[in-house]
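This report refers to the structure that appears directly beneath it.
Quick caveat, the model's predicted, so the values are computed rather than measured.
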There are 2 protein chains.
Amino acid sequence: MPTRTAEQRRAEEAVVFNAFLAACPTRQVMATIGDKWAGLVVNALADGARRHGELRTTIAGASQKMLTQTLRTLERDGLVTRTVTPTVPVRVDYELTDLGLTLLPVLRAVKNWSEAHILEVQTARDAYDARPA
Amino acid sequence: MPTRTAEQRRAEEAVVFNAFLAACPTRQVMATIGDKWAGLVVNALADGARRHGELRTTIAGASQKMLTQTLRTLERDGLVTRTVTPTVPVRVDYELTDLGLTLLPVLRAVKNWSEAHILEVQTARDAYDARPA
DNA sequence: CAGGATCCCATTCGATACTG
DNA sequence: CAGTATCGAATGGGATCCTG
């Protein structure tokens, strides 16, 4: 008899795999740009710097909390810069970094695929949902 | 005095925006491929059909529940096919559809960017985390 | 072998209120 | 204007048990 059952072995493999998964570059990036708001923010900054309030109104659906949180994440990842002008009241501008700019083509690729194939996806969904239970 | 305050107006705009957001093709697609497991599954199927159990061991980190759930989503979106062979025991194969295949270049684009820039991202993160509180 | 059903914890996100 | 803090609802995701 083996010292470990198949289930135990699988559990251990899962741990290893999850560690690998956490280190996977693609997943780390996906976790950022696949974020609900991050893509929209990057897009909003594509044409140049924007103030916090501008983004707030441009991306009307984001709560102030999520907007700030998203910007922090992007800033931490080196994709945007945060510039504070200590006037009264304070002025804060966000702008894509060079690294952030290189991300735009990737986002466009996703956007292009989406717009090109969303109808097929939608059709497939409708068909699936209309299937006999 | 206006019949609606600025806050009320913003709240209404947010509702409209969220409706728009839900319909946004890019977000819908991002919601699928940005999923924790979907990308890995599509990748695992890139070279051809795989059985449920094969995927289970290939993607060791996914619980059986999440694997099935992910496959259902992909199937619903028309990205993979699910083929049941009614032997005993049952055999189920999953394979990318033509539509699913067109998604591979997009995933590769993300993967390429990730691998090319993850070090910069990591460096930025370290610098951010090491900042004076 | 494939996968449905349940339970349950962790995280996410939104709404609200408050600070410099 | 920009940002932080807190609370509660909703969701995601894992473990386990059970069925055809």
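Using a 4.5 Å heavy-atom cutoff, the side chains of Lys111(A) and Leu104(A) are not in contact.
Toward the 5' end of DNA chain D, the nearer of the two residues Pro89(B) and Val92(A), judged by each one's closest nucleotide, is Val92(A).
If you take CD of Glu12(B) and C1' of dA15(C), they are 16 Å apart, rounded to a whole angstrom. The interatomic distance linking Arg91(B) (CZ) with dC1(C) (P) rounds to 12 Å, in whole Å. Separating the CG atom of Asn18(A) from the P atom of dG13(D) is a distance of 12 Å, rounded to the nearest angstrom. Note: CD (Glu54(B)) to C1' (dC1(C)) measures 12 Å, nearest angstrom. Here dG13(D) presents its P atom at 11 Å from CG of Leu21(A), a figure rounded to the nearest Å.
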Report the C-alpha separation of Leu21(A) and Leu40(B) in whole Å, then their side-chain angles, then the decisive distance to 0.1 Å, and conclude whether the side chain to side chain contact (heavy atoms under 4.5 Å, CB included) test is met. CA-CA 10 Å; Leu21(A) 187 66; Leu40(B) 289 167; 3.3 Å; yes
Take Glu95(B) and Thr83(B) through the side chain to side chain contact (heavy atoms under 4.5 Å, CB included) test and state the conclusion after the steps. CA-CA 8 Å; Glu95(B) 187 169 15; Thr83(B) 309; 5.9 Å; no
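In this model, the phosphate group of dC1(D) is not approached by any side-chain N or O of Arg51(A) to a distance below 4.0 Å at OP1 or OP2. Within the structure, every side-chain polar atom (N or O) of Tyr94(B) is placed at least 4.0 Å from both OP1 and OP2 of dC1(C).
Closest heavy-atom contact between Ile59(A) and Ala44(A): CD1-CB, 4.3 Å. Between Gly78(A) and Thr97(A) the shortest heavy-atom distance is O-OG1, 2.7 Å.
Residues from residues 29-44 of chain A that place a heavy atom under 4.0 Å from any atom of DNA chain D: there are none. Taking a 4.0 Å limit (strictly below) on heavy-atom distances, residues 57-84 of chain A reaches DNA chain D at Gln64(A), Lys65(A), Thr68(A), Arg72(A), Arg82(A).
Aromatic ring orientation, Phe17(A) versus Trp37(B): parallel (interplanar angle below 30°, classes split at 30° and 60°).
For Arg76(A), the salt bridge (Lys or Arg N to Asp or Glu O under 4.0 Å) partners two or more places apart in sequence, or in a different chain, are Asp129(B). Listed by chain and number, the residues in a salt bridge (Lys or Arg N to Asp or Glu O under 4.0 Å) with Arg51(B) amount to none (sequence neighbours excluded). With sequence neighbours excluded, the residues satisfying ring pair (Phe, Tyr, Trp, His ring centres under 6.0 Å) with Trp113(B) are His117(B).
Axis deviation across the helix from dC1(C)-dG20(D) to dG20(C)-dC1(D) amounts to 40°, comparing end segments of five pairs, rounded to 10 degrees.
A distance of 6.0 Å separates CD in Gln122(A) from CD in Gln28(B), rounded to the nearest 0.5 Å.
At a threshold of 4.0 angstrom between heavy atoms, the contacts of Arg56(B) with the nucleic acid are absent.
Using a 4.0 Å cut-off between a side-chain N of Lys or Arg and a carboxylate O of Asp or Glu, Arg125(B) and Asp77(A) qualify as a salt bridge.
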